[in-house]
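Notes for the one structure printed next.
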Protein chains: 2
Amino acid sequence: MMKGEIIVLETEFFKALAHPTRLRILEKLAFGEVCVCEFIEKLDLEQSNISQHLAILRKQNIITSTKVGLKVMYRIKYPEVLNVLGLVREVLAKQLKESEELIKHLTDPFE
Amino acid sequence: MMKGEIIVLETEFFKALAHPTRLRILEKLAFGEVCVCEFIEKLDLEQSNISQHLAILRKQNIITSTKVGLKVMYRIKYPEVLNVLGLVREVLAKQLKESEELIKHLTDPFE
DNA sequence: TTGCCTTATTCTAATATTATAATCTTTTTT
DNA sequence: AAAAAAGATTATAATATTAGAATAAGGCAA
């Protein structure tokens, strides 16, 4: 596999995560299996839209599903993905803390 | 800050990383400061295009720049971002390894 | 000052993503 | 078998991203 191809894979991976609905889906899956019906109920979005977002995460091999009667249960396939989300949140937290401090210096410039 | 707002921040962060050119830029910056001229030379893309991608990473607070004479030097602002890239590569490696094994079972089904 | 070099910004056309609506498919229930 | 339930898929209109061309801005050198 060539370097350029890996970058494309990485890009596709990041694209799969780059949508609020898909992040919300993963957030729910962090606690365990969830059926589509529950996503519909909790996320308050159109069924077909949720199905499309699930398809994108499935295609990227981030989640898998099994059919149980009429329902389809989804779960996270590689739990490491949750670590990625956690690490991103850490970076964001650090960024926010710094801008907070900047604001503090702006409002109390002589302390 | 509300939960929904955090998700939007995360989404914006992932979007910033979801482009091959921007990943290539970060890959180069992993070794230290790089000037725009070097990106132009190494990435073989239009100057304005590179400048646009740098602007996106700047806006997301992932990189910063300083002007040195005519040149502008860029560097990674939060090195943790590199850990995110590393973790993603680990997930991809694991995914690829699994599909390799699947292929192996397909081609040598009786071993 | 004038011109040149490096980078940034703006504009635009092409492409990609997204949400909704409509239409299947599959499984269960009656 | 027919109807209902749960999801998936397809089509499409609206929106967002992208690359390239043209232009602008900032700093240096003659």
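Naming: A, B, ... by sequence-line order, numbering from 1 per chain.
For the pair A:T107 (side chain) and A:I103 (backbone), a donor-acceptor distance under 3.5 Å is present. Panel note: side chain A:E10, backbone B:L17; no donor-acceptor pair is recorded below 3.5 Å. A side-chain donor-acceptor contact under 3.5 Å links A:R22 to the backbone of A:K15.
In summary, the side chains of B:S65 and B:R75 do not present any donor paired with an acceptor at a separation below 3.5 Å, with no hydrogens or angles considered.
Between B:H53 and D:dA19 there is a side-chain N or O to OP1 or OP2 distance below 4.0 Å. Here B:R22 reaches the OP1 or OP2 of D:dT18: one of its side-chain N or O atoms lies under 4.0 Å away.
Applying the side-chain hydrogen bond (donor to acceptor under 3.5 Å, both in side chains) test between A:Y74 and each of A:R58, A:E33, A:K28 identifies A:R58 as the sole match.
Between B:E12 and B:I7, every side-chain heavy-atom pair lies at or beyond the 4.5 Å cut-off.
Closest heavy-atom contact between A:I76 and A:L26: CD1-O, 4.0 Å.
Closest approach to the B:T21 side chain among D:dT9, D:dA19, C:dT18 is made by D:dA19 (side chain taken as heavy atoms from C-beta onward).
The stretch residues 42-52 of chain B touches DNA chain C through B:Q47, B:S48, B:S51, B:Q52, each having a heavy atom under 4.0 angstrom from the strand. Residues from residues 64-75 of chain A that place a heavy atom under 4.0 Å from any atom of DNA chain C, listed by number: A:K67, A:G69, A:L70.
Between the CG atom of A:L92 and the OH atom of B:Y78 there is a distance of 10.0 Å, given to the nearest 0.5 Å.
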